[in-house]
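Only one structure is covered here, and it is reproduced in the block below.
Positions are given from 1 along the sequence. Keep in mind the model is a prediction, meaning the values are calculated, not measured.
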Amino acid sequence: MARRIDVTGADGVRLAAWEFGDPAKAGPDPGEAAAPDAPGVLLLHGLMGRASHWASTARRLSARHRAVALDQRGHGRSEKPPEGAFTRDAYVDDAEAALEQLGLGPAVLIGHAMGALTAWQLAAKRPDLVRGLVISDMRASALGGASQREWAEWFTSWPVPFATLADVRKWFGEDDPWVERPNPARGEFYAEVMAESPDGWRPVFDPGQMLRSRETWVHDAHWEELAQVRCPALVVRGLDGELGRAEAQEMVRVLPRGRYAEVADAGHLIHYDQPEAWLAAIEPFLDSLDGE
């Protein structure tokens, strides 16, 4: 089950948060999630993602944690203001507002890609709100302007509208020039962020807003904020992901209380590519936090 909770983010932007529970593994009564005073977990998706991408992770964690996933501004069911701010500060302030309004803090933040950057920036800014951090496949180094140009070209290559969801799955899982080999999990990931319109299936986000969001981190490195994170932090990389082993291990070294995990046969979308191996990587870390 998933229960929607509305949150007000920075500048009054309306955000949708989703509290997950697994009736098969939850509280004493069928359909109940963990108790309201259970340790909080806030899950932050990556660029173009949405809260529902965390469903399997959140349901698994809900047996012992209050697990909430946030649709970040411009994504999912949250507001997409045409002239809104899509800066690092805006995303961090939104996550901070969500923790406070949901009463989750001090919480564990689990972030993928852009969501991981938001998580560690918030952990550095508000250590009182964050007791643990999971960073999934996000680099601390600057990516550079060429990366932004490649993304702009990639967006224009999408054959939208897609006639069917099967076409979405096939293009992103097989035909996309960025796909090195068939990847059904990638197709499913993108099918989750499409909505039916009168002429076919289109993304629920605006590609221009995604580029604006991305522009706020590709030109800057974020090692300084990483060094300011005082809580225990786990850096997780997929063996075939975007975060290289050397950089991941350097991130662990820079983090005052950093730890490292690696998931085999996984790319950038670790929690979609290898969901059980992903959970096996993060659950011992979460257990260690609960024991502190």
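A salt bridge between E192 and R50 is absent, with no side-chain N of the basic residue lying under 4.0 Å from a carboxylate O of the acidic one. Using a 4.0 Å cut-off between a side-chain N of Lys or Arg and a carboxylate O of Asp or Glu, E242 and R139 do not qualify as a salt bridge.
Not one N or O on the side chain of D167 forms a donor-acceptor pair closer than 3.5 Å with the backbone of F162. The backbone N or O of Q209 lies less than 3.5 Å from a partner atom in the side chain of S213, making a donor-acceptor pair. Judged purely by atom type and a 3.5 angstrom limit, E262 has no side-chain atom pairing as donor or acceptor with the backbone of L239. Distance alone, capped at 3.5 Å, places no donor-acceptor pair between the R73 side chain and the P81 backbone. Put simply, the side chain of S52 never gets that close to the backbone of A55: no donor and acceptor are under 3.5 Å apart. Of the possible donor and acceptor atoms, one in the side chain of H45 sits under 3.5 Å from a partner among the backbone N and O of Q72. The main-chain N or O of G208 is found under 3.5 Å from a side-chain atom of D206 such that the two form a donor-acceptor pair. Using a distance-only test at 3.5 Å, with no hydrogens or angles considered, a donor-acceptor pair links the side chain of D273 to the main chain of G267.
L279 and P284 make their closest contact through O-CD, 4.3 Å (heavy atoms, listed as atom of the first residue, atom of the second, distance). Summarising the geometry of A123 relative to L133, their closest heavy-atom pair is CB-CD2, 4.4 Å, with the distance given to 0.1 Å. Considering every non-hydrogen atom in both W171 and P177, the closest pair reads CZ2-CD, 4.0 Å. The shortest non-hydrogen separation linking A67 to L61 is CB-CB, 4.5 Å. Across all their heavy atoms, A107 and L99 have their closest contact at CB-CD2, 3.8 Å. The heavy-atom pair separating I270 from S136 by the smallest distance is CD1-OG, 3.6 Å.
Placement of L143 and F155 within a single hydrophobic cluster is found when ILVMFWY residues are connected by side-chain heavy-atom separations under 4.5 Å, directly or transitively. Criterion: ILVMFWY side-chain heavy atoms under 4.5 Å apart, direct or through other members. Under it, V179 and V168 are not part of a common hydrophobic cluster. Put simply, W18 and Y272 are part of two different groups of oily side chains (I, L, V, M, F, W, Y) that touch within less than 4.5 Å, one to the next. The hydrophobic clustering, which links ILVMFWY residues whose side-chain heavy atoms are closer than 4.5 Å, places L122 and L42 together. One hydrophobic cluster holds both V92 and L255 under the rule that ILVMFWY side chains link at heavy-atom gaps under 4.5 Å.
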Taking distance alone, no hydrogens or angles, what donor-acceptor pairs closer than 3.5 Å link side-chain atoms of residues 220-229 to residues at least two apart or in another chain?
residue : atom : partner : partner atom : Å
H222    : ND1  : E225    : OE1          : 3.4
E225    : OE2  : Q121    : NE2          : 2.9

Would you tabulate the side-chain donor-acceptor contacts of residues 108-118 under 3.5 Å, counting partners in other chains and residues two or more places apart, or write 'none'?
residue : atom : partner : partner atom : Å
H112    : NE2  : H268    : O            : 2.9
T118    : OG1  : R88     : NH1          : 3.0
T118    : OG1  : R88     : NH2          : 3.2
T118    : OG1  : M114    : O            : 3.3

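Separating the NZ atom in K170 from the CG atom in D175 is a distance of 3.5 Å, to the nearest 0.5 Å. Summarising the geometry, atom CG belonging to N183 is positioned 11.0 Å from atom CZ belonging to F189; distances are rounded to the nearest 0.5 Å. A distance of 6.5 Å separates CE of M251 from CD of E247, quoted to the nearest 0.5 Å.
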- Message: Between R64 and D287, does the side chain to side chain contact (heavy atoms under 4.5 Å, CB included) criterion hold? Intermediate values first, please.
- Response: CA-CA 10 Å; R64 295 172 53 190; D287 290 344; 2.9 Å; yes

- Message: Let's go through D240 and R181 carefully: what are the C-alpha distance in whole Å and the side-chain angles of both, what is the deciding distance for side chain to side chain contact (heavy atoms under 4.5 Å, CB included) to 0.1 Å, and is it a yes or a no?
- Response: CA-CA 12 Å; D240 299 315; R181 59 182 181 271; 3.3 Å; yes

- side chain to side chain contact (heavy atoms under 4.5 Å, CB included) assessment of L243 paired with V235: CA-CA 10 Å; L243 175 62; V235 177; 3.9 Å; yes

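The stretch residues 110-127 participates, sequence neighbours left out, in these salt bridge (Lys or Arg N to Asp or Glu O under 4.0 Å) pairs: D93-K125, E96-K125, E96-R126, E100-R126, R126-D128.
Qualifying side-chain contact (heavy atoms from CB on, under 4.5 Å) partners for R169, counting only residues two or more places apart in sequence or in other chains: L165, E188, A191. A search for side chain to side chain donor-acceptor pair (under 3.5 Å) contacts involving E283 returns R60, not counting sequence neighbours. Under the rule for a side-chain contact (heavy atoms from CB on, under 4.5 Å), the partners of R14 that lie at least two apart in sequence or sit in another chain are E79. Under the side-chain contact (heavy atoms from CB on, under 4.5 Å) criterion, T156 pairs with no residue, sequence neighbours left out. For S157, the side chain to side chain donor-acceptor pair (under 3.5 Å) test picks out no residue, with sequence neighbours left out. Scored by the side-chain contact (heavy atoms from CB on, under 4.5 Å) test, A261 finds L234, V236, A281 as partners (sequence neighbours excluded). For W154, the side chain to side chain donor-acceptor pair (under 3.5 Å) criterion is met by D176, not counting sequence neighbours. Residues satisfying the ring pair (Phe, Tyr, Trp, His ring centres under 6.0 Å) criterion with Y190, sequence neighbours excluded, are F172. Qualifying side chain to side chain donor-acceptor pair (under 3.5 Å) partners for R212, counting only residues two or more places apart in sequence or in other chains: none.
A heavy-atom distance below 4.5 Å is found between the side chains of P39 and H65. Residues E215 and W151 form no side-chain contact, since every pair of their non-hydrogen atoms from C-beta on lies 4.5 Å or further apart. At least one side-chain heavy atom of T57 sits under 4.5 Å from a side-chain heavy atom of I282. Between F20 and V41 there is no side-chain heavy-atom pair separated by less than 4.5 Å. For the pair Y260/R237, a side-chain contact is recorded, criterion being any heavy-atom separation below 4.5 Å from C-beta on. Between S78 and L15 there is a side-chain heavy-atom pair separated by less than 4.5 Å. Side-chain contact check for S288 versus R259: some heavy-atom pair is nearer than 4.5 Å. Side-chain atoms of H53 and L269, non-hydrogen and from C-beta on, never get closer than 4.5 Å to each other.
Using cut-offs of 30° and 60° on the angle between ring planes, the pair H75 and Y91 is perpendicular.
Exactly one residue among V204, D6, D71 makes a side-chain contact (heavy atoms from CB on, under 4.5 Å) with R77. That residue is D71.
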